[in-house]
**Q** 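Got a structure here, written out as structure tokens. Questions coming.
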Amino acid sequence: DAGVTQSPTHLIKTRGQQVTLRCSPKSGHDTVSWYQQALGQGPQFIFQYYEEEERQRGNFPDRFSGHQFPNYSSELNVNALLLGDSALYLCASSSPLDTGYGYTFGSGTRLTVV
Amino acid sequence: AQSVAQPEDQVNVAEGNPLTVKCTYSVSGNPYLFWYVQYPNRGLQFLLKYITGDNLVKGSYGFEAEFNKSQTSFHLKKPSALVSDSALYFCAVGNAGKSTFGDGTTLTVKP
């Protein structure tokens, strides 16, 4: 049973550039959440997608946007990259049928902005 | 608003000794509480959850957590620590809709 798959695992971008991160949820899960984990901190909620719509959003600027596809996979887009966007970006999948169960996390994408 | 506090950045224990990693929370209504573990350069792995019912929750790898409503705490425990338990542990409050995580506690188990 495949878990959550994220790509790429690492990437380096220059300030001002745009980046797209990808996530395939665990089989049977239809909800995808994105988190940003800065060094030495806990994950911070960016947003969640369900039924191809953004359902909840954390305190992140509009430079952060996303998309969910009919097969439940998701993309996270970040525009006009800042040095402070350097972090581990985690994708987590879940299912409304398992409310309160918790997430299944991917291994993350390490983004470095230089 | 919901929040989580992990008051200890680091916990050190000897192998075979019991361990406790502390967590307190703040949330309106009934809490959904979770513990996750993170190994270097990896995502988080679910350990256990409290939704309702017994205050002592048993999870993966021999870990358990005690929910205390009056103290708004959800401490992670293990009766006998292993060196392989050394990792970063996160407490979280919420549900699969949106979870708020603490800043983590690094557990080091020494042989």
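Residue numbers start from 1 in every chain, and the chains themselves are labelled A, B, ... in the order their sequence lines are given, proteins ahead of strands.
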**Q** Locate the shortest heavy-atom distance separating Gln38(B) from Leu88(A); write the atom from each residue and the value.
**A** NE2-CD2, 3.9 Å
**Q** For atom CG of Asn77(A), is the number of surrounding heavy atoms from other residues, nucleotides or ligands below 6.0 Å larger than 12?
**A** yes
**Q** Do Leu82(B) and Val37(B) sit in the same hydrophobic cluster, where Ile, Leu, Val, Met, Phe, Trp and Tyr count as joined when their side-chain heavy atoms come under 4.5 Å apart?
**A** no
**Q** Parallel, tilted or perpendicular: which one describes the rings of Tyr103(A) and Phe101(B), with boundaries at 30° and 60°?
**A** parallel
**Q** May I ask you to check whether over 12 heavy atoms, not counting those of Tyr39(B), lie within 6.0 Å of atom OH?
**A** yes
**Q** Counting heavy-atom pairs closer than 4.5 Å to chain A, which one of Asp103(B), Thr106(B), Asp9(B) comes out on top?
**A** Asp103(B)
**Q** Tell me whether the count of non-hydrogen atoms from other residues, nucleotides or ligands lying under 6.0 Å of CG in Asp54(B) goes above 12.
**A** no
**Q** Pick one of side chain, backbone, both or neither for Gln45(B), based on which atoms fall under 4.5 Å of a heavy atom in chain A.
**A** neither
**Q** Between Arg110(A) and chain B, which part of the residue has a heavy atom less than 4.5 Å away: side chain, backbone, both or neither?
**A** side chain
**Q** Measure across Ser99(B) and Tyr35(A) and return the closest heavy-atom pair with its distance rounded to 0.1 Å.
**A** N-OH, 3.1 Å
**Q** Atom CZ of residue position Arg15(A) - does it have more than 12 heavy atoms of other residues, nucleotides or ligands inside 6.0 Å?
**A** no
**Q** What do you reckon, is OH of Tyr72(A) surrounded by more than 12 foreign heavy atoms closer than 6.0 Å?
**A** no
**Q** Between Gln37(A) and chain B, which part of the residue has a heavy atom less than 4.5 Å away: side chain, backbone, both or neither?
**A** side chain
